[in-house]
Amino acid sequence: MHPILFELPGLGTYNSYGTLILLAGLIIGPGLFWDMRRRGIEWLMFLDFYIVLVVGCWVGGRAIDIALRPGFFLANPAQLLDLNEGFIFYGSVFGVFVGFIWRARRYRRPLGEVCDLLATFLD
């Protein structure tokens with residue numbers, strides 16, 4: 001994957017991974033809402049899971065990158081806040097899965113049912 005997806009004059013560069021994660025999060029929203037409504041799941045639960053999906057992608061992807069390269073971040077602590085690089089796909093999946101476990105327990109729903117909601121859109 002190219003690290004820079006596009007560059008806008010005066011606004012800077014936009015990295016591929018973060019931009020595509022944001023785009024995927026926006027695209028999956030209507031389908032996830034429709035599927036949850038069809039299953040009789042309330043609006044607040046949809047909102048919680050949607051937020052977990054978007055935030056979990058970012059936090060998980062970044063956390064695994066930091067965990068795999070601790071020496072780099074100890075030598076360059078300012079890079080912890082650099083949003084232009086350092087996301088790992090399987091970290092994002094892990095972050096979303098951990099968030100879904102957390103939300104499934106809060107709503108007292110089976111984890112399989114919750115993961116089934118997202119599995120439709122992973123294809």
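When a residue number appears, it is its place in the shown sequence, counting from 1.
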With Arg108, which residues qualify under side chain to side chain contact (heavy atoms under 4.5 Å, CB included), at least two apart? none
Tell me every residue that passes side chain to side chain contact (heavy atoms under 4.5 Å, CB included) with Phe97, counting only those two or more places apart in sequence or in another chain. Ile101, Leu111, Cys115
Pair up each side-chain donor or acceptor in residues 21-28 with any protein partner under 3.5 Å, not counting sequence neighbours, and list the distances.
none

In short, salt bridge (charged side-chain N to carboxylate O under 4.0 Å, His left out) pairs touching residues 95-104 with sequence neighbours left out are Asp48-Arg103
Those residues that, when tested against Arg39, pass salt bridge (Lys or Arg N to Asp or Glu O under 4.0 Å) (two or more places apart): Asp35, Asp116
Under the ring-ring contact (aromatic ring centres under 6.0 Å, His included) rule, collect the residues that match up with Phe6, sequence neighbours excluded. Tyr14
With Arg37, which residues qualify under side chain to side chain donor-acceptor pair (under 3.5 Å), at least two apart? none
Does one hydrophobic cluster hold both Leu32 and Val96, with members joined at side-chain heavy-atom distances below 4.5 Å? yes
For Cys57 and Ser92, work out which heavy atoms get closest and say how close. O-OG, 2.7 Å
For Ala104 and Val114, work out which heavy atoms get closest and say how close. CB-CG2, 3.8 Å
Enter the distance from Leu47:CG to Met36:CE here, rounded to the nearest 0.5 Å. 9.5 Å
Identify all side-chain donor-acceptor contacts of residues 59-72 below 3.5 Å with residues at least two apart in sequence or on another chain.
{"unit_1": "Arg62", "atom_1": "NH1", "unit_2": "Glu85", "atom_2": "O", "d": "2.8"}
{"unit_1": "Arg62", "atom_1": "NH1", "unit_2": "Gly86", "atom_2": "O", "d": "3.3"}
{"unit_1": "Arg62", "atom_1": "NH2", "unit_2": "Gln79", "atom_2": "O", "d": "2.5"}
{"unit_1": "Arg62", "atom_1": "NH2", "unit_2": "Leu80", "atom_2": "O", "d": "3.1"}
{"unit_1": "Arg62", "atom_1": "NH2", "unit_2": "Asp82", "atom_2": "O", "d": "3.3"}
{"unit_1": "Asp65", "atom_1": "OD1", "unit_2": "Arg69", "atom_2": "NE", "d": "3.0"}
{"unit_1": "Asp65", "atom_1": "OD2", "unit_2": "Arg69", "atom_2": "NH2", "d": "3.0"}

Sequence neighbours excluded, every pair satisfying ring pair (Phe, Tyr, Trp, His ring centres under 6.0 Å) that has a member inside residues 38-62: Phe33-Trp43, Phe33-Phe46, Trp43-Phe46, Phe46-Tyr50, Phe49-Phe100, Trp58-Phe87
Under the 6.0 Å and 45° cation-pi test, does Arg105 pair with Trp102? no
Hydrophobic side-chain clustering at under 4.5 Å (ILVMFWY, transitive links): who's grouped with Phe94? Put none if nobody. Val98
